[in-house]
Amino acid sequence: MGQTIIEKIISNHSDTKVHSGELTIVDVDFVMATDTTAPLTIKAFQNMGGTKIWDSSKMALIIDHASPAPNQQIASLHDLMREFAAEQNIKLYDVGEGICHQLMIEDGHAKPGQLVLGADSHTCTYGAIGTFATGVGSTDLAGVMLTGSTWVKVPTTIKVSLNGTLQLGVTAKDLILYLAGQLGIQGATYEAIEFTGNVVEEMTLDSRMTLANMVIEMGAKAGLVDTRGLQLPYEYEQIEADPDAVYSRVIDIDVSKIGPQVAVPHSPDNVMDISEVEEVEIQQAFIGSCTNGRLEDLHEAANILKGKKVHPKVRLIIAPASRQVFQDALADGTVEVLSAAGATFLPSGCGPCVGTHQGIPGNGENVASSTNRNFQGRMGNRNSNVYLGSPAFVAAAALRGKITNPQAIKGGTL
Amino acid sequence: MKLIGRAHVYGDNIDTDRIIPGKYTKTLDLQQLANHVLEDLDPEFHKVVQNGDIIVAGDNFGCGSSREQAPLAIKTAGVSAVIAHSFARIFFRNAINIGLPVIELKNYNIQKGDALEINVTSGTVLNQANGEQYEGTKMPDVMVQILNEGGLVNYLKKNQSYKLDAGKL
């Protein structure tokens with residue numbers, strides 16, 4: 001019987017050749033934890049009797065979820081991470097270096113064909129480069145630190161073929177929101193999603209990351225983007241599914257028919273065409289997060305806002321996904337364009353997306369956001385509403401003070 | 001393992017942000033988590049929950065974040081088990097890893113306040129209020145072993161590695 005990409009990767013990390021439904025023990029290539037999950041991980045590792053982690057070159061700790069520390073309690077947790085990293089000789093990314101998932105790919109900690117675990121649900125992002133990467137909890141990660149391995153159940157795979165030509169102003173974010181709307185928030189629970197098709201083959205790395213990032217919003221264990229057409233700064237072996245691989249479902253999407261999509265409160269699968277929510281007033285706009293805080297995303301926003309001003313009733317805040325992204329956006333003039341339009345830049349990090357600090361909306365306010373979740377209370381206030389869309393969607397809302405189809409601005413009709 | 005407690009009944013897709021909002025997750029003091037458990041879903045819950053109580057929910061309980069603070073907040077608040085039609089993958093695994101029993105039950109007739117009796121090993125649930133008994137889904141052996149040890153910390157402290165018969169569900 002043929003194998004899907006994830007069945008091949010799991011087999012390569014296990015003693016046996018496996019298919020969906022089987023349980024097996026796997027060797028893990030790399031692990032990661034953040035300041036939300038690492039303190040509990042460190043505690044669990046010590047309680048297991050752990051003294052030295054299995055391989056200090058295979059772990060990174062990243063301070064990004066509340067960074068720089070907004071209070072003394074969090075500052076103490078950051079210190080705990082710094083001390084543990086120094087003691088164990090683990091790579092630590094401190095305040096401002098970037099969001100964990102961006103850094104894991106930017107710095108080459110996750111590579112095609114590898115098996116990587118992270119104590120953060122959006123670890124699935126590395127599927128963008130053909131890694132089997134999935135989110136686990138703190139104690140699960142501590143188990144890997146002790147043993148170098150873990151147990152997995154091999155998931156079934158949903159194959160999603162994206163073909164056709166993207167409309168003006170339609171991006172990977174619109175495609176993944178569309179899929180979330182079609183499958184629903186639990187439509188891929190315990191499954192993997194394999195993305196393929198001509199649209200994927202032509203995608204940039206930034207866009208592929210957006211696609212893989214949000215598979216968790218359908219409950220998926222992993223998202224694997226076909227590596228055909230992928231440009232990376234190093235050599236790698238491409239893993240393709242066998243022609244007779246067995247899929248639980250095959251979904252063919254003609255992207256030409258998809259316009260800008262919006263997830264309305266309070267669930268990322270409450271997705272509709274932008275025409276159904278146009279004119280909703282917006283008080284805050286946010287561009288950032290592991291979903292859409294990359295250079296390509298800042299370029300999209302700058303294209304809409306160049307030479308213009310953000311609506312006087314809107315606060316536009318931007319947190320680049322990493323220091324590298326910020327520096328690249330500085331060097332090519334994007335930061336200047338966005339700042340002149342009225343954007344406020346935050347340090348790289350997850351704060352606004354996860355409601356920890358910086359950019360918490362007021363009661364009754366509506367937020368246009370390029371992030372991945374709009375659960376009630378997600379951005380720190382249960383009495384606010386978050387609308388998810390592409391960076392172009394966020395920039396258009398910031399410009400006009402209400403939800404606006406970015407196609408109208410890009411096409412010059414607005 | 002037998003558990004008896006009162007039911008608190010909720011709906012579908014209870015996400016981790018509503019179980020414990022992100023702004024409260026940055027602590028190692030588990031009581032701080034319990035003080036805010038389910039705050040954005042049911043602001044009264046943390047005041048009325050009693051030791052041994054059981055959460056009963058619909059589909060996809062625990063969707064969203066990998067934060068283990070979600071099952072920890074529930075467990076620390078005194079909840080002895082969670083019953084749901086289905087669980088999100090990471091939440092399910094986290095709950096077992098920290099020793100919080102989770103029972104997947106497709107059909108049930110349970111009202112708020114009903115007294116429930118759970119046999120964790122067999123996955124059966126008896127509703128003492130109406131006398132009905134339900135059969136939950138059996139979990140993988142490795143999970144049963146971890147749960148029987150009280151969680152992954154104790155399991156690995158004892159075994160130092162994962163023990164699993166290849167391919168066994």
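Chain letters run A, B, ... following the sequence lines, proteins first and then strands; every chain starts at 1.
For B:E135, there are no salt bridge (Lys or Arg N to Asp or Glu O under 4.0 Å) partners, not counting sequence neighbours. By the ring-ring contact (aromatic ring centres under 6.0 Å, His included) test, B:F87 is found to be paired with B:F92, residues two or more places apart in sequence or in another chain being considered. Applying the ring-ring contact (aromatic ring centres under 6.0 Å, His included) test to A:Y190 and every residue at least two apart in sequence or in another chain returns nothing.
Using a 4.5 Å cut-off between heavy atoms, A:S149 touches chain B through backbone and side chain atoms alike. Only the side chain of A:L146 comes within contact range of chain B, with heavy atoms under 4.5 Å apart. Neither the backbone nor the side chain of A:I360 comes within less than 4.5 Å of any heavy atom in chain B. In this structure, the portions of A:I185 lying under 4.5 Å from any heavy atom of chain B include both its backbone and its side chain. For A:R373, the part lying under 4.5 angstrom from a heavy atom of chain B is the side chain only. The part of A:V136 that comes within reach of chain B is its backbone (N, CA, C, O), which places non-hydrogen atoms under 4.5 angstrom from that chain. When heavy atoms are compared at a cutoff of 4.5 Å, A:Q73 approaches chain B solely by way of its side chain, counted from C-beta outward. With a 4.5 Å cut-off on non-hydrogen atoms, A:I25 touches chain B through its backbone and its side chain both. With a threshold of 4.5 angstrom between heavy atoms, A:A44 approaches chain B through its backbone and through its side chain. Both the backbone and the side chain of B:V153 come within contact range of chain A, each with at least one heavy atom under 4.5 Å from a heavy atom of that chain.
Side-chain contact, A:T37 with B:E68: no donor N or O sits under 3.5 Å from an acceptor N or O. Looking at B:R89 and A:T134, their side chains do bring a donor and an acceptor atom within 3.5 Å of each other.
A salt bridge links A:D140 to B:R93: one of the charged nitrogens lies within less than 4.0 Å of a carboxylate oxygen.
Residues from residues 116-125 of chain A that place a non-hydrogen atom less than 4.5 Å from a non-hydrogen atom of chain B comprise A:A119, A:D120, A:S121, given in numerical order.
Of the listed residues (B:A88, B:P21, B:G64, B:C63), the greatest number of heavy-atom pairs within a distance under 4.5 Å of chain A belongs to B:G64. When each of B:T25, B:L156, B:N154, B:D15 is checked for heavy-atom pairs under 4.5 Å with chain A, B:D15 comes out on top.
The CE atom of B:M143 sits 3.5 Å away from atom CH2 of A:W151, with the distance rounded to the nearest 0.5 Å.
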